[in-house]
2 protein chains.
Amino acid sequence: MAAKSPLNRHAFVEAALEVIDEVGVDKLSMRNVAVRLDVSPMAVYKHFPAKEDLLAAALEEFITRANVIPEDDLQWDRWVNQLARGMYEALGSELSWVPLLGSLRLGTQSAAVADAFVRKLCRAGFTTEQALQAFFAVIQIVVGAVCLCASLAARRDEVAHAGADLSPVTQDYLENIDSERLRIAPVLESTLRYEQIDLGLPLLLGALKSQLAETAK
Amino acid sequence: MAAKSPLNRHAFVEAALEVIDEVGVDKLSMRNVAVRLDVSPMAVYKHFPAKEDLLAAALEEFITRANVIPEDDLQWDRWVNQLARGMYEALGSELSWVPLLGSLRLGTQSAAVADAFVRKLCRAGFTTEQALQAFFAVIQIVVGAVCLCASLAARRDEVAHAGADLSPVTQDYLENIDSERLRIAPVLESTLRYEQIDLGLPLLLGALKSQLAETAK
DNA sequence: ACCTGAACACCGTTCAAGT
DNA sequence: ACCTGAACACCGTTCAAGT
């Protein structure tokens, strides 16, 4: 191996993504990234002033690789649908990012996604302002859906009661609610079988279509 | 002070909330909670098997105190609107919870909110399934809006360029995007002045109204 | 320039021991 | 029962020093 060429930023980002892939974001440390590169833990600080900067760079690279921007030949509503699902799946496949979504800053790649979104919707007849608001609304749904998905997944990992037919969520719900309202339980159970993204996103897309019809008039 | 009565669970939750209020969720530790109660750090483990359990209990108490369930005499759409805004404001006032929203499990109080929501919408004419889906959609919007809000706030805390008229978000956007698309910048700037909750929530409420009209037919 | 070693001030958690 | 003290195996970060 070409052992001693000086390491660049990208090597650290690459190593960080590998560590995250193996043990999750929350267990990434400056030390284990360094160990993976066979380098002193403190070498990382020459390229990233703090752990947060390394994480932000890794998230940016993760978003780039997720490659969520759909082909341009789709109709706008299908385009938005596919973008949202792509983001949902990418984040869902690496749930350990989720706790950081609220605190990390996004960079170049996020701007590119925003830009593509606004151009797509403007060409479909939305105003720039509507398009940008729609973008934030879609991101909200995606981020929210991934968060809920993560917190439900955490529940499912809890020790499953032997022979229980109901999900842990429903079980807790039943423990915490008056017996008068038991009728909600089966509906809760079936609703939890949906992917979270299928709950908010269709409603949002419907609203955007009405808005477009309104604007076109 | 009645110093030596044995401490109960609630005393620890109370102390945890005080610590969080002062230094944020991310700096809460078993040790500083214990110090606040003038007790050995290890006493906490007699009541909570792990830090995560203490945090979950604290979040539950936080939600209870936020008291977000609106009065019942409001119309369903205003009721939903007020609930969502209440949750948004509560979480927004204590942004340090946000990074944990995806990973913490919710309990009794969350079930009570879900229950109130479903009952309210069912009485307005929604089916139980629609109501429950709407609940998850609303939660998605709230959680997503708070996450975005937090990540924009993190940006605003970065060193503000002297004399800059544009927000850090817009500045980064401009750095990362072709000059051809500069026209988006002013719209981005004005969109960022909205509260995040005002972007997704109105669209969602509009969609729910159409759905209700559909169902009533 | 780029990396190292040792150190500081913290963590969560375990475990045997106290009262 | 409830709490303590000491210890283990980690953290992020700083800083003077090496090459």
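When reading the values below, keep in mind they use all heavy atoms of this one structure, side chains included, and skip hydrogens, waters and symmetry mates. Treat the numbers as computed from the prediction; the structure is a model and nothing was measured. Proteins come first, then strands; the chains are lettered A, B, ... in the order of their sequence lines, and each starts at number 1.
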When we call it a touch if two heavy atoms are under 4.0 Å apart, what does [X] touch: a base, just sugar-phosphate, or nothing?
{"X": "M30(A)", "value": "sugar-phosphate"}
{"X": "L37(A)", "value": "nothing"}
{"X": "K51(B)", "value": "sugar-phosphate"}

Has the side chain of K120(A) got a donor or acceptor atom that lies under 3.5 Å from a matching backbone atom of D72(A)?
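Yes, the answer is positive, given that a donor and an acceptor are paired below the 3.5 Å cut-off.
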
Contact between T191(A) and F135(B) at the side-chain level, heavy atoms closer than 4.5 Å - yes or no?
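Contact flag for T191(A)/F135(B) side chains = no.
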
Can you tell me how far C1' in dA7(D) sits from the matching atom in dC11(C), rounded to whole Å?
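To the nearest whole Å, 14 Å.
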
For atom [atom1] of [X] and atom [atom2] of [N], their distance in whole Å:
{"X": "L55(A)", "N": "dT13(D)", "atom1": "CG", "atom2": "P", "result": "10 Å"}
{"X": "N8(A)", "N": "dA1(C)", "atom1": "CG", "atom2": "C1'", "result": "14 Å"}
{"X": "R9(A)", "N": "dC3(C)", "atom1": "CZ", "atom2": "P", "result": "14 Å"}
{"X": "E52(A)", "N": "dT13(D)", "atom1": "CD", "atom2": "P", "result": "9 Å"}
{"X": "D26(A)", "N": "dC10(D)", "atom1": "CG", "atom2": "P", "result": "16 Å"}
{"X": "K27(A)", "N": "dT13(C)", "atom1": "NZ", "atom2": "P", "result": "10 Å"}
{"X": "K46(A)", "N": "dA17(D)", "atom1": "NZ", "atom2": "C1'", "result": "12 Å"}
{"X": "N32(A)", "N": "dG12(D)", "atom1": "CG", "atom2": "C1'", "result": "12 Å"}

Hey, does the side chain of S29(B) come within less than 4.0 Å of dC11(C)'s phosphate (OP1/OP2), counting only N and O?
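Yes, because at least one side-chain N or O of S29(B) sits under 4.0 Å from OP1 or OP2 of dC11(C).
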
Measuring from the side chain of [X] (C-beta onward, heavy atoms only), which nucleotide among [options] has the closest atom?
{"X": "R31(B)", "options": "dC3(C), dG12(D), dC11(C)", "value": "dC11(C)"}
{"X": "S40(B)", "options": "dT4(C), dT4(D), dT14(C)", "value": "dT4(D)"}
{"X": "H47(A)", "options": "dG12(D), dC3(C), dT14(C)", "value": "dC3(C)"}
{"X": "A50(B)", "options": "dT13(C), dC11(D), dG5(C)", "value": "dT13(C)"}

Under 3.5 Å on both distances, the Watson-Crick or G-U partner of dC10(D):
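Looking at the geometry, dC10(D) pairs with no nucleotide.
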
Taking a pair as Watson-Crick or G-U wobble with both distances under 3.5 Å, which nucleotide is matched to dT4(D)?
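Base-paired to dA16(C).
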
With respect to R85(B), which candidate in V68(B), D198(B), V80(B) satisfies the side chain to side chain contact (heavy atoms under 4.5 Å, CB included) definition?
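Exactly one pass, corresponding to D198(B).
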
Can a salt bridge be assigned to the pair R65(B) and E14(B) using a cut-off of 4.0 Å between side-chain N and carboxylate O?
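Between E14(B) and R65(B) there is a salt bridge, with a charged N closer than 4.0 Å to a carboxylate O.
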
Assuming nearest nucleotide by heavy-atom distance, tell me which of M42(A) and L28(B) is located more 5' along DNA chain C.
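By nearest-heavy-atom nucleotide position, the 5'-most residue is M42(A).
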
Which label fits F126(B) and W76(B): parallel for a plane angle under 30°, tilted from 30 to 60°, or perpendicular past 60°?
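Ring orientation, 0 to 90° scale: perpendicular.
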
